[in-house]
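Worth knowing before you read on, the calculation uses all heavy atoms, side chains too, and leaves out hydrogens, waters and symmetry mates. Both counts, for ligands and for their atoms, begin at 1 and track the order of listing.
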Amino acid sequence: MPDPLIRIENLVKRFPMGENSLTALDNINLSFQRGEFAGLVGPSGSGKTTLLNIVGSLDVPTEGRVTVLGKEVGNLSNQDAAALRNHHIGFIFQTFNLLPVYSVFENVEFPLLLQKAEPARRREAVMQALEWVGLADRHDSRPNQLSGGQSQRVAIARAIVKNPALVLADEPTANLDAENSHIILKIMERLNRDLDCTFLFSTHDEKVIGYLHRKIQLEDGRVTADERFRPSREGEE
Ligand SMILES: Nc1ncnc2c1ncn2[C@@H]1O[C@H](COP(=O)(O)OP(=O)(O)O)[C@@H](O)[C@H]1O
Ligand SMILES: [Mg+2]
């Protein structure tokens with residue numbers, strides 16, 4: 001077995017609450033291989049976002065060790081954490097988080113500007129990413145001219161334009177109707193397969209759960225179940 005893409009060991013996260021603290025994650029142990037399509041499933045408040053934020057190096061563990069692509073996120077400088085995110089991790093949010101004053105093209109281009117990529121490469125990568133999500137013809141539109149489903153497809157293009165090893169998606173269908181939820185999941189499934197990109201979701205949406213290859217149940221900051229429905233790519237070899 002190669003080293004996992006993500007290794008989480010004895011992870012505890014506490015948030016200060018007045019004189020006490022709230023334990024959001026309580027001794028989590030998990031690893032994810034490259035190519036997984038996995039979901040954190042649990043009710044609101046169970047710790048899904050907190051866990052994704054730590055894996056995405058947006059937050060740090062209180063205790064324990066989280067290693068992403070061989071880097072221990074709790075020990076990174078701000079600059080190294082930013083470099084890990086900019087080059088290797090794509091983010092998709094429940095509320096899409098597109099920048100309203102920019103065009104679709106510019107929104108998708110943004111991560112490549114952070115990487116200081118050359119204009120010709122940016123243009124090619126942005127149009128390719130927009131084609132993957134079926135929105136190349138909307139590159140000139142503004143976010144407010146798009147439906148929710150289209151907005152989330154732009155957000156997916158923005159997440160994958162840098163060809164990341166890992167995409168983290170925090171309740172990506174929470175603001176979408178059933179039809180658009182299925183469209184989004186099918187796009188992500190195809191990107192997982194064709195780009196060999198690892199996807200880690202959080203969700204409590206039943207429609208999403210049916211697509212997962214692995215379902216990790218979180219309750220009160222603990223893993224209460226970890227089920228695989230299809231072998232991960234490593235497992236198939
Ligand atoms: N920045 C924070 N400060 C204090 N408490 C927080 C913070 N972020 C999350 N929490 C608490 O941690 C617990 C887990 O939250 P969260 O990870 O957002 O759960 P979920 O995404 O599953 O709804 C909740 O009790 C929440 O109120
Ligand atoms: Mg959440």
Side-chain angles (χ1 to χ4, degrees), residues 5-32 36-68 72-76 78 81-82 84-85 89-98 148-149 151-156 158-159 164 166-178 180-181 184-185 188 198-227:
L5 188 78
I6 304 168
R7 188 198 296 275
I8 301 170
E9 295 167 288
N10 307 317
L11 169 62
V12 175
K13 180 67 181 180
R14 292 190 205 95
F15 292 108
M17 288 278 280
E19 290 178 8
N20 302 313
S21 67
L22 182 147
T23 303
L25 297 173
D26 188 2
N27 198 32
I28 305 277
N29 287 280
L30 287 170
S31 36
F32 297 90
E36 289 211 53
F37 198 72
L40 306 169
V41 177
S44 181
S46 56
K48 304 182 296 295
T49 297
T50 303
L51 184 52
L52 288 180
N53 285 347
I54 293 173
V55 170
S57 78
L58 295 166
D59 203 349
V60 294
T62 308
E63 290 172 21
R65 235 156 64 114
V66 175
T67 311
V68 178
E72 191 179 336
V73 298
N75 286 346
L76 296 177
N78 286 344
L84 177 67
R85 291 193 300 270
I89 306 177
F91 293 89
I92 299 170
F93 303 95
Q94 170 176 346
T95 49
F96 323 134
N97 293 14
L98 301 180
S151 298
Q152 197 58 307
R153 282 152 64 193
V154 173
I156 294 172
R158 180 182 56 188
L166 172 65
V167 170
L168 302 174
D170 195 4
E171 307 217 24
T173 60
N175 287 312
L176 299 179
D177 60 22
N180 278 300
S181 299
I184 293 296
L185 261 295
M188 294 205 262
T198 305
F199 278 76
L200 179 58
F201 298 90
S202 78
T203 190
H204 52 234
D205 181 349
E206 286 297 326
K207 300 186 292 298
V208 172
I209 294 168
Y211 287 87
L212 298 175
H213 300 182
R214 178 178 176 193
K215 177 177 142 186
I216 294 149
Q217 187 77 39
L218 276 185
E219 280 168 40
D220 286 334
R222 290 166 188 260
V223 174
T224 56
D226 184 354
E227 296 171 81

Contact (N/O only, under 3.5 Å) between Gly45 and ligand 1: yes
N/O donor-acceptor pair under 3.5 Å between Lys215 side chain and Val41 backbone: no
Atom 15 (O) of ligand 1 - nearest protein heavy atom and its distance: Thr50 OG1, 3.8 Å
Sub-4.0 Å heavy-atom approach of Pro43 to ligand 1: yes
Side chain to side chain, Ile28 and Lys13, heavy atoms closer than 4.5 Å: no
Heavy-atom neighbours of Asp220 CG exceed 12 at 6.0 Å: no
Closest protein heavy atom (residue, atom, distance) for atom 22 (O) of ligand 1: Lys48 NZ, 2.8 Å
Distance-only N or O hit between ligand 1 and Gly47, under 3.5 Å: yes
Under 3.5 Å: donor-acceptor pair, side chain of Asn53, backbone of Leu58: no
Heteroatom distance test (Glu171, ligand 1): nitrogen or oxygen, under 3.5 angstrom: no
For atom 6 (C) of ligand 1, the protein heavy atom that lies nearest, with its residue and separation: Phe15 CD1, 3.2 Å
Closest protein heavy atom to atom 26 (C) of ligand 1, given as residue, atom name and distance to 0.1 Å: Leu22 CD2, 4.7 Å
Check: Met17 main-chain N/O paired with Ser21 side-chain donor or acceptor under 3.5 Å: no
Spacing of CD belonging to Glu219 relative to OG1 belonging to Thr224, to within rounding of 0.5 Å: 4.0 Å
Val68 to Val55 - nearest heavy-atom pair and separation: CG2-O, 3.4 Å
Under 4.0 Å to a heavy atom of Ser44 - the qualifying atoms of ligand 1, by number: 23 (O)
Thr49 near the Mg ion (ligand 2) via N/O/S, less than 2.8 Å: yes
Charged N-O contact under 4.0 Å between Lys48 and Asp170: no
Closest approach of any protein heavy atom to atom 18 (O) of ligand 1, naming residue and atom: Thr49 CB, 3.8 Å
For the student: nearest non-hydrogen atoms of Ser46 and Leu218, plus distance: CB-O, 3.5 Å
Atoms in ligand 1 flagged as close to Ser46, the criterion being non-hydrogen separation under 4.0 Å: 19 (O), 20 (P), 22 (O)
4.0 Å heavy-atom contact, Gly42 with ligand 1: no
